[in-house]
Amino acid sequence: AQSVTQLGSHVSVSEGALVLLRCNYSSSVPPYLFWYVQYPNQGLQLLLKYTSAATLVKGINGFEAEFKKSETSFHLTKPSAHMSDAAEYFCAVSGIGGGFKTIFGAGTRLFVKA
Amino acid sequence: EAQVTQNPRYLITVTGKKLTVTCSQNMNHEYMSWYRQDPGLGLRQIYYSMNVEVTDKGDVPEGYKVSRKEKRNFPLILESPSPNQTSLYFCASSFGGSLQETQYFGPGTRLLVL
């Protein structure tokens with residue numbers, strides 16, 4: 001079955017440290033890839049997306065992600081974590097297996113320690 | 001203000017009592033979708049709609065119905081709710097049916113079925 005895997009349901013970093021959230025997808029055809037963020041008691045909002053242009057994608061709030069076809073990965077990074085980055089992050093893909101479905105990963109909750 | 005609205009935001013009901021969760025968007029988006037969010041499972045797509053009168057099943061459609069009679073509205077109907085439908089529900093919309101479009105999410109509806 002087509003899937004999206006986010007490694008680590010919880011990630012904890014210190015303020016100022018590198019943030020790395022992992023996402024792998026299963027598809028023989030490169031899909032469209034997204035990272036969304038969900039702050040407490042809110043809906044999801046887009047951080048960034050890959051749409052087959054540049055493989056390194058820059059998003060809001062200093063986040064970026066690199067599409068690696070050979071690894072079927074789309075990991076999210078930020079060089080220096082801020083307290084306001086504490087939230088849940090979802091990787092999502094569309095275009096897997098045809099149709100217009102969107103598949104989300106299980107999410108990774110990011111904790112930022114002062 | 002461009003937004004997706006959902007009503008109600010919180011709902012407690014009993015098994016078997018039909019309910020409808022409304023979703024409305026003011027961005028003239030063609031694509032609308034319903035998701036449920038459960039701990040450890042991320043968001044799972046219930047139904048989506050490419051345009052008026054065009055709907056299709058997502059990954060977890062059982063027990064749900066939708067309709068799209070107007071472009072701006074996409075209600076989710078639970079004909080006979082059961083406790084396993086207790087969840088957090090999100091409506092989302094995007095400009096077109098293209099797979100690379102960003103989805104805009106509503107604030108969520110938290111449903112408890114007793």
Side-chain angles (χ1 to χ4, degrees), chain A residues 1-10 21-25 27 29-54 57 59-60 67 74 87-109, chain B residues 1-7 9-10 21 23-25 27 29-51 54-61 68 87-110:
Chain A
Q2 313 292 352
S3 68
V4 178
T5 302
Q6 290 185 239
L7 293 175
S9 58
H10 298 83
L21 304 180
R22 300 178 188 273
C23 174
N24 289 87
Y25 65 92
S27 174
V29 177
Y32 297 104
L33 296 150
F34 306 79
W35 276 100
Y36 287 86
V37 60
Q38 183 180 33
Y39 297 104
N41 299 314
Q42 294 185 27
L44 281 70
Q45 62 186 81
L46 182 74
L47 269 181
L48 49 81
K49 64 181 177 180
Y50 168 75
T51 59
S52 74
V57 182
I60 61 172
F67 171 67
F74 191 55
E88 189 153 22
Y89 293 81
F90 293 93
C91 181
V93 301
S94 61
I96 285 183
F100 290 91
K101 292 182 184 178
T102 301
I103 300 174
F104 281 79
T108 297
R109 186 170 294 278
Chain B
E1 180 189 354
Q3 59 182 348
V4 178
T5 57
Q6 297 178 226
N7 281 292
R9 293 289 313 279
Y10 303 91
V21 184
C23 173
S24 181
Q25 49 91 8
M27 296 170 279
H29 283 171
E30 293 182 352
Y31 182 94
M32 297 186 74
S33 183
W34 275 103
Y35 298 89
R36 59 178 290 174
Q37 182 180 15
D38 301 289
L41 297 177
L43 277 78
R44 293 177 292 169
Q45 196 168 32
I46 302 171
Y47 272 95
Y48 61 92
S49 170
M50 298 296 293
N51 212 325
V54 181
T55 63
D56 206 350
K57 296 177 180 178
D59 286 324
V60 289
R68 186 91 181 272
S87 188
L88 178 58
Y89 291 86
F90 287 101
C91 180
S93 70
S94 63
F95 180 68
S98 169
L99 295 166
Q100 62 184 296
E101 295 292 338
T102 299
Q103 292 188 64
Y104 296 85
F105 286 79
T109 295
R110 194 170 289 279

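Reminder, nothing fancy here: chain letters follow the sequence lines and each chain counts from 1. Source: prediction; values computed, not measured.
- For a residue to count as touching a neighbouring chain, one of its non-hydrogen atoms must lie under 4.5 Å from one of that chain's; by this rule A/Gln38 touches chain B with the side chain only.
- No donor-acceptor pair under 3.5 Å is formed between the side chain of A/Tyr25 and the backbone N or O of A/Leu33.
- Interface residue B/Leu43: backbone and side-chain heavy atoms are both found under 4.5 Å from chain A.
- Looking only at atom types and distance, the side chain of B/Thr109 has a donor-acceptor partner in the side chain of B/Gln6 under 3.5 Å away.
- With no hydrogens or angles considered, a side-chain donor-acceptor pair links B/Ser87 and B/Asp38 at under 3.5 Å.
- Around the CZ atom of B/Arg110, the shell of radius 6.0 Å holds no more than 12 heavy atoms that belong to other residues, nucleotides or ligands.
- Across A/Gln42, A/Lys49, A/Arg109, the residue that shares the most heavy-atom pairs under 4.5 angstrom with chain B is A/Lys49.
- When B/Cys91, B/Ser33, B/Gly42 are compared by the number of non-hydrogen pairs under 4.5 Å with chain A, B/Gly42 comes out ahead.
- Counting heavy atoms from C-beta on, the side chains of A/Phe104 and A/Leu44 come closer than 4.5 Å.
- Contacts of A/Thr102 with chain B are made by both backbone and side-chain atoms, with heavy-atom separations under 4.5 Å.
- Proximity to chain A (any heavy atom under 4.5 Å) is restricted, for B/Tyr35, to the side chain, taken from C-beta onward.
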